[in-house]
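Predicted, not measured: the structure shown is a model, and the values here were computed from it. Just so you know, ligand 1 is whichever comes first in the structure, and atom 1 is the first atom listed for that ligand.
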Amino acid sequence: MIEHDVLIIGGGLSGSRAALAVAQNYPHLSVGLISKVHPIRSHSVAAQGGIAASLGNVDNDDWLTHAFDTVKGSDYLADQNAVQVLTKSAPEVIIDLEHLGVLFSRADNGKISQRAFGGHTYNRACYAADKTGHAILHELVMNLKRLGGTIYQEWYVMQLIYEDGEVKGVVAYSLETSEIEVFRAKAVLMATGGYGRVFNTTSNDFASTGDGLCLTVNLGLPLQDMEFVQFHPTGLYPVGVLISEAVRGEGAYLVNDLGDRFMANYPISKNRMELSPRDITSRNIACEIMEGRGINGGNYVHLDVRHLGKEKILSRIPFAREEGLRLAGVDCIDHPLPVRPTAHYSMGGIPTNVDCQVIGKDSKEITGFFAAGECACVSVHGANRLGANSLLECVVFGKRAGEKLGAYVRDRTMPKLDPSPYIAEAAAKLKGVLSNKGNTRISVIRQQLQDTMTEHCGIFRDEARLTEGLEKLQAIRDRYDHDLLIDDHGAVFNMEMMQAIELKSLITVGEIIMSSARSRRESRGAHSREDFAKRDDANYLKHTLGYLEDDQVQTSHRPVDMSLQNVDSDRFTPQERKY
Ligand SMILES: Cc1cc2nc3c(=O)[nH]c(=O)nc-3n(C[C@H](O)[C@H](O)[C@H](O)COP(=O)(O)OP(=O)(O)OC[C@H]3O[C@@H](n4cnc5c(N)ncnc54)[C@H](O)[C@@H]3O)c2cc1C
């Protein structure tokens, strides 16, 4: 059995920031970080456009305006106390990153430069060209190594150990050798990122399979607001990889087959145009396509940057140009890029309080269990996240989680735990996966799942499609349980075995998303019900909780925290969302 005072699952921005905070502030504590990929290959490395903070280097900005933009962007579903923590701490965490060595792009006066992003009133996104996640993650991981944090890379966490109402550690296996280990800890932080792979077109990497969410619901704990899936407006067609919002931040146009900048034709987006929030922009693109105004009547529109000129394109958005060339054969200096919405981000996740401690159905904290980053739902994004607020969430709440964890474990003794039954159970599970002798390959079941989710729970939803989708998911789960075929029976880097386990996570997470979507009979933020087209504050200004009971998904609700209202009374009370 391996032991650490603090155990962190995930080496992306949130996990590595948390681990670093423990190492910086509590050098006598031992911190272990487990990641199924090398930490620097976590999806955070792909983040491009920026990280929001009201530094005020370009405009006269302040945290309260950032907070208001975030709450309005969230369609009033974000917890306002959490938004306050996020936006108030933003400037200091950026300076802190700079001190750790992150090379931000500069304005002419030498200060950190800031660019425009959708839904933000001011130029607020700090950036490192269009490779912001890369710049930050490398420094975090290097600093963590320098301070002696232990990293278990290419270890797959397959179970959380939860006994007597207390999280005591995890069971993981080494991808390199298939060796199984129990890791015991005084506290565990989940930082496992998103689940984009639930959908057939996504900007997310192959590892974004919602494992941490599935591990959590398997304990009987709830996930919050899972119906809110962000579809990013500009996925490169047809592959789905992201063309960063920074491209629109720098002035790109969205154009339909008629050559119109169609954002002007929708009352809700005619002022902010291409820099409207993502939910609105994605819906408008989807409408253009559905109504036959996609390019040549097809499934995409154009993102045009030609008017920016070669020099600006090469200095500000070089990566977007490279992606267009490499993946679509289009050089955006001379031609518009083909784009359509792509599944991008999970607003929902494991519910936590502002100290990142996981809370159960009754809103009480779960002993020894914390979560941060995209897998968590401290609820700063509510029903729709603003661009550049996610990297910020990872760094603010990652840092905060590390600081809280250090203090939390100081007075805790190592929990009592017998590893042997867990090792035996995990070995039996892996053996069970390998001994599957069905007829259907993982890729076939995964494709069915992704197509079902996209068709029945995509940008637009309704009761009939969701109900039918849930029935299809049940059939997909049955097929997984009874007809899975695995070819690789090796013990070394058996990626097929890992994909089989990941697929189970995807199915479970898909069921919770779809059930939560069916339970919310209104339209809010990224959740658009064609049969309930209006926002309904009287009945649904509350968070959804989705959980498993006797293997069936159940849903209930809990209130939104509106405590920031007192700071600036009118601004933060729900109003019609117009831009
Ligand atoms: C292409 C792209 C561009 C983006 N650009 C921006 C941007 O410009 N600004 C912005 O604010 N946001 C952006 N985002 C969103 C943002 O990057 C993510 O929300 C954020 O980086 C998530 O970080 P994380 O630490 O929560 O998770 P991740 O970075 O996804 O890391 C998850 C970690 O968990 C580990 N893990 C998962 N499951 C297991 C398991 N079973 N066992 C062991 N380890 C496991 C993985 O190995 C990985 O280390 C972008 C997202 C994408 C996809």
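- Between the side chains of T508 and R477, at least one donor N or O lies within less than 3.5 Å of an accepting N or O.
- Annotation: cation-pi geometry not satisfied between K168 and F183 (NZ/CZ under 6.0 angstrom from ring centroid, within 45° of ring axis).
- T342 and H232 form no side-chain donor-acceptor contact under 3.5 Å, judged by distance and modelled atom types alone.
- Looking at ligand 1, you won't find any N or O of A372 less than 3.5 Å from one of its N or O atoms.
- When heavy-atom distances to ligand 1 are checked against a 4.0 Å cut-off, S244 has no atom that comes that close, whether in backbone or side chain.
- Assignment of S208 to the shell around ligand 1 is not supported, since no heavy atom sits closer than 4.0 Å.
- From the protein, the heavy atom lying nearest to atom 24 (P) of ligand 1 is S14 OG, 3.4 Å.
- Side chains of S178 and N494: a donor-acceptor N/O pair is absent below 3.5 angstrom, by distance only.
- Looking only at heavy atoms of the protein, atom 18 (C) of ligand 1 is closest to E374 OE1, 3.3 Å.
- The option from G196, C375, S35, G11 that lies nearest to atom 47 (O) of ligand 1, judged by heavy atoms, is S35.
- Heavy atoms from both the backbone and the side chain of V37 come within less than 4.0 Å of ligand 1.
- G10 CA, 3.6 Å is the protein heavy atom nearest to atom 35 (C) of ligand 1.
- In this structure, Q114 contributes its side chain and A53 its backbone to a donor-acceptor pair below 3.5 Å.
- In this structure, of D205, T192, I51, the residue bringing a heavy atom nearest to atom 36 (N) of ligand 1 is T192.
- Relative to the ring axis of F231, R278 does not place its NZ or CZ within 45° and under 6.0 Å from the centre.
- With no hydrogens or angles considered, no side-chain donor-acceptor pair links D279 and H527 at under 3.5 Å.
- A donor-acceptor contact closer than 3.5 angstrom is absent between the side chains of N384 and D75.
- Among the atoms of G50, some N or O lies under 3.5 angstrom from an N or O of ligand 1.
- The closest protein non-hydrogen atom to atom 44 (N) of ligand 1 is K36 N, 3.0 Å.
- Panel note: side chain R115, backbone R316; a donor-acceptor pair is recorded below 3.5 Å.
- With 3.5 Å as the limit, one finds no donor-acceptor pair spanning the side chains of K36 and S42.
- Among all non-hydrogen protein atoms, the one lying nearest atom 13 (C) of ligand 1 is A47 CB, 3.9 Å.
- Annotation for ligand 1: atoms under 4.0 Å from non-hydrogen atoms of S42 are 29 (O), 31 (O), 48 (C), 49 (O).
- Checking only distances, L13 does come within under 3.5 Å of ligand 1, N or O to N or O.
- At the shortest separation from atom 28 (P) of ligand 1 among protein heavy atoms lies S44 OG, 3.8 Å.
- Looking at L242 against ligand 1, only its side chain comes within 4.0 Å, counting heavy atoms.
- In this structure, A207 has no heavy atom closer than 4.0 Å to ligand 1.
- Of the polar atoms of V157, at least one N or O is found under 3.5 Å from an N or O of ligand 1, judged by distance alone.
- With hydrogens left out, the protein atom closest to atom 16 (C) of ligand 1 is S390 OG, 3.5 Å, a heavy atom.
- Here the rule is side-chain contact (heavy atoms from CB on, under 4.5 Å) with F369, and of T352, T216, I359 only T216 fits it.
- H344 counts as a contact of ligand 1, since one of its heavy atoms falls under 4.0 Å from the ligand.
- Taking the six-membered ring for Trp and the full ring otherwise, the centers of F206 and H43 sit at least 6.0 Å from each other.
- Under 4.0 Å from ligand 1, the heavy atoms of Y345 that appear belong solely to its side chain.
- Within the structure, ligand 1 has W155 among the residues with a heavy atom less than 4.0 angstrom away.
- For D211, a nitrogen or oxygen atom sits less than 3.5 Å from a nitrogen or oxygen atom of ligand 1, counting backbone and side chain alike.
- A cation-pi contact, defined as under 6.0 Å to the ring centre and within 45° of the axis, links R385 to Y345.
- For atom 8 (O) of ligand 1, the nearest non-hydrogen atom of the protein is G49 N, 2.8 Å.
- With no hydrogens or angles considered, a side-chain donor-acceptor pair links N200 and T454 at under 3.5 Å.
- At least one heavy atom of R385 sits less than 4.0 Å from an atom of ligand 1.
- Side-chain contact of H381 with S74: a donor-acceptor pair under 3.5 Å is absent, judged by distance alone.
- The atoms of ligand 1 that sit less than 4.0 Å from any heavy atom of A191 are 32 (C), 33 (C), 34 (O).
- Annotation for ligand 1: atoms under 4.0 Å from non-hydrogen atoms of S203 are 1 (C), 53 (C).
- Ligand 1 has A46 within reach: a non-hydrogen atom of the residue lies less than 4.0 Å from it.
- Only the side chain of C394 comes within 4.0 Å of ligand 1, judged by heavy-atom distances.
- Checking H543 against D225 by side-chain atom types alone, a donor-acceptor pair falls below 3.5 Å.
- Counting only N and O atoms by type, the side chains of H66 and Y122 include no donor and acceptor under 3.5 Å apart.
- In this structure, of M158, E502, H43, the residue bringing a heavy atom nearest to atom 53 (C) of ligand 1 is H43.
- When only modelled atom types and interatomic distance are considered, S174 and T177 share a side-chain donor-acceptor pair under 3.5 Å.
- Backbone and side-chain nitrogen or oxygen atoms of P39 are examined, and none is located within less than 3.5 angstrom of a nitrogen or oxygen of ligand 1.
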